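Take a look at the structure below.
Position 1 is the first residue of the sequence, and the numbers go up from there. From a predicted model like this one, the values you see are computed outputs, not experimental measurements.
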Amino acid sequence: APESLMQALEDLDYLAALDDDGNLSEVGIIMSEFPLDPQLAKALIASCEFDCVEEMVSLAAMLTASPCFVPPSTHLEEAVALRRRALLHPNGDHFTLINIFNAFQQREHNAGDDGWCRKHGVGAEGLRLAGTVRAELLEVMRRIELPISPPAFGSDANTLNIQRALISGYFLKVARDIDGSGNYVMLTHKHVAHLAPACGYLLRPPPRRLPPWVLYHEFTISQDNCLRVVSEIQPQMLVELAPQYYLSNLPPSEGRDLLMELREKVVVVAAEDTPAG
């Protein structure tokens, strides 16, 4: 449909993938080298700037391969849920996917990976495919001579850097919990959605804390109106990393107002820090 095409072009423009004439920009040309959707490609390129390439390339592979969770047999549900909970990362589903990939890679080198997958309710086939996709993505990065930073998963600085890289690509997919009970309004079109049942924030033992602001990988309205692969973000980071004209063009909402307030504060602080000429 023409509207879908216009939306896709607008998204590419926000991602800095197009120049003023509507042709691919330098960033757009690099993005097109990757067999990934534009937002994921942009996040992967941003990871070069934020020194979290090893982690981001694992995440990109996991998001591309296939859903890694498989439903366990009914009589094993509780045991699998407990083991799966041990893999959950406090910073959200994107980080959990990296956790699972790293844990599987260690198992694969020591054999016995199929049994481990069954116990944790994850698919061995999808994880092996993720390993192949990851190697292909790294090959593309080497070919076009992008810098590949060493692994640092687990450090506070690395967590922040992964969040920065993700926001650089996925600022178009941010939602805010409007009432503290899991009703998430998506900033771009004000639709209300919920976290998917497999979301890590819902699998944690009580008391559960739902994040006020989230970045999500995908949203399915036809299926169950759920946000899938969700991680908490800080709105300050969104203001710093998203294009300013994207924020200005958001439809009116309380979330947009909060972002505008934060932006004003950033502008004031920047002005105060600038030495007088």
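Side chains of L129 and E125 form no contact here, defined as non-hydrogen atoms less than 4.5 Å apart. Under the 4.5 Å side-chain criterion, counting only non-hydrogen atoms from C-beta, L127 is in contact with V122. At least one side-chain heavy atom of L172 sits less than 4.5 Å from a side-chain heavy atom of Y246. Within the 4.5 Å cutoff, side-chain heavy atoms of T220 are placed close to those of R228. Side-chain contact between Y201 and V230 is present, with heavy atoms from C-beta onward closer than 4.5 Å. Residues N99 and F153 meet the side-chain proximity criterion, which asks for heavy atoms closer than 4.5 Å. The shortest side-chain heavy-atom distance between F50 and M56 does not fall under the 4.5 Å cut-off. Taking 4.5 Å as the limit, every side-chain heavy atom of S25 sits out of range of all side-chain heavy atoms of L18.
A chain of hydrophobic side-chain contacts below 4.5 Å, direct or via other Ile, Leu, Val, Met, Phe, Trp or Tyr residues, connects V239 to M260. Residues I29 and M31 do not share a hydrophobic cluster, clusters being chains of Ile/Leu/Val/Met/Phe/Trp/Tyr side chains in contact below 4.5 Å. Hydrophobic cluster membership differs between L195 and V192, with clusters built from Ile, Leu, Val, Met, Phe, Trp and Tyr side chains linked at under 4.5 angstrom. When hydrophobic clusters are built by joining Ile, Leu, Val, Met, Phe, Trp and Tyr residues whose side-chain heavy atoms come closer than 4.5 Å, directly or via intermediates, V266 is grouped together with I167. Residues L241 and L247 are members of one and the same hydrophobic cluster, defined by side-chain heavy-atom contacts under 4.5 angstrom among Ile, Leu, Val, Met, Phe, Trp and Tyr.
Ring pair F219/H191 is tilted by interplanar angle, where 30° to 60° counts as tilted.
Between the side chains of S47 and R164, no donor N or O sits under 3.5 Å from an acceptor N or O. Judged purely by distance below 3.5 Å, without hydrogens or angles, the side chains of Y170 and H217 pair a donor atom with an acceptor atom. Residues T96 and H89 bring no donor and acceptor atom of their side chains to less than 3.5 Å of each other. Between E55 and N158, the side chains place a donor N or O and an acceptor N or O closer than 3.5 Å (distance only, hydrogens not considered). For the residue pair D11 / Q7, a side-chain donor-acceptor distance below 3.5 Å is found, with atom types taken as modelled. Side-chain contact check for Y14 and N249: at least one donor-acceptor pair (N or O, by modelled atom type) lies under 3.5 Å.
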Side chain to side chain contact (heavy atoms under 4.5 Å, CB included) between V229 and L97, intermediate numbers included: CA-CA 9 Å; V229 189; L97 289 176; 4.0 Å; yes

Intermediate values then yes/no, side chain to side chain contact (heavy atoms under 4.5 Å, CB included), M186 and V174: CA-CA 6 Å; M186 291 180 275; V174 169; over 6 Å; no

Stepwise side chain to side chain contact (heavy atoms under 4.5 Å, CB included) check, I100 with M62: CA-CA 9 Å; I100 291 169; M62 287 290 279; 4.1 Å; yes

Evaluation steps, salt bridge (charged side-chain N to carboxylate O under 4.0 Å, His left out), between R176 and E254: CA-CA 9 Å; R176 175 176 170 265; E254 200 178 322; 3.2 Å; yes

Evaluation steps, salt bridge (charged side-chain N to carboxylate O under 4.0 Å, His left out), between E54 and R134: CA-CA 9 Å; E54 282 283 338; R134 185 182 194 279; 2.5 Å; yes

Residues R209, E232; criterion salt bridge (charged side-chain N to carboxylate O under 4.0 Å, His left out); working and verdict: CA-CA 11 Å; R209 175 193 158 273; E232 181 170 11; 2.7 Å; yes

Test side chain to side chain contact (heavy atoms under 4.5 Å, CB included) applied to I233 and V214, step by step: CA-CA 5 Å; I233 60 160; V214 296; 5.9 Å; no

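Closest non-hydrogen pair, D51 versus S149, comes out as C-OG, 3.1 Å. When all heavy atoms of F34 and A41 are compared, the pair lying nearest together is CB-CB, 4.4 Å. Scanning all heavy atoms of the two residues, the minimum distance from C48 to L146 falls at SG-CB, 4.0 Å. Of all heavy-atom pairs spanning G126 and A65, the tightest one is O-CB, 3.5 Å. For A175 against Y184, the heavy-atom pair with the smallest separation is CB-CB, 3.9 Å. Shortest non-hydrogen contact noted between A124 and F104 is O-CZ, 4.1 Å.
Annotation: D179, atom CG; neighbour count of heavy atoms from other residues, nucleotides and ligands within 6.0 Å is above 12. Counting non-hydrogen atoms of other residues, nucleotides and ligands closer than 6.0 Å to CZ of R83 gives a total above 12.
Considering CG of L44 and CG of L36, their distance stands at 6.5 Å, rounded to 0.5 Å. Expressed to the nearest 0.5 Å, how far CG of D19 lies from CD of E26 amounts to 10.0 Å. Within the model, atoms CD of Q244 and CG of L259 stand 10.0 Å from one another, a figure rounded to the nearest 0.5 Å. Annotation: the span from C52 atom SG to L166 atom CG amounts to 8.0 Å, rounded to 0.5 Å. Summarising the geometry, atom CG belonging to D93 is positioned 10.5 Å from atom CG belonging to L59; distances are rounded to the nearest 0.5 Å. Rounding to the nearest 0.5 angstrom, the gap separating the CZ atom in F171 from the CG atom in L15 is 4.5 Å.
With N183 contributing its side chain and I178 its backbone, the two residues share no donor-acceptor pair below 3.5 Å. For R84 (side chain) and G121 (main-chain N/O), a donor-acceptor pair under 3.5 Å exists by modelled atom type. Looking at E10, its side chain never comes within 3.5 Å of a backbone N or O of L5 through a donor-acceptor pair. Within the 3.5 Å criterion, the main-chain N or O of A103 finds no donor-acceptor partner in the side chain of R107. No donor-acceptor distance shorter than 3.5 angstrom exists from the side chain of D21 to the backbone of N23, with no hydrogens or angles considered.
Using a cutoff of 4.0 Å between basic side-chain nitrogens and carboxylate oxygens, R143 and E33 are scored as salt-bridged. In summary, R128 and D114 engage in a salt bridge, as defined by a charged side-chain N under 4.0 Å from a carboxylate O.
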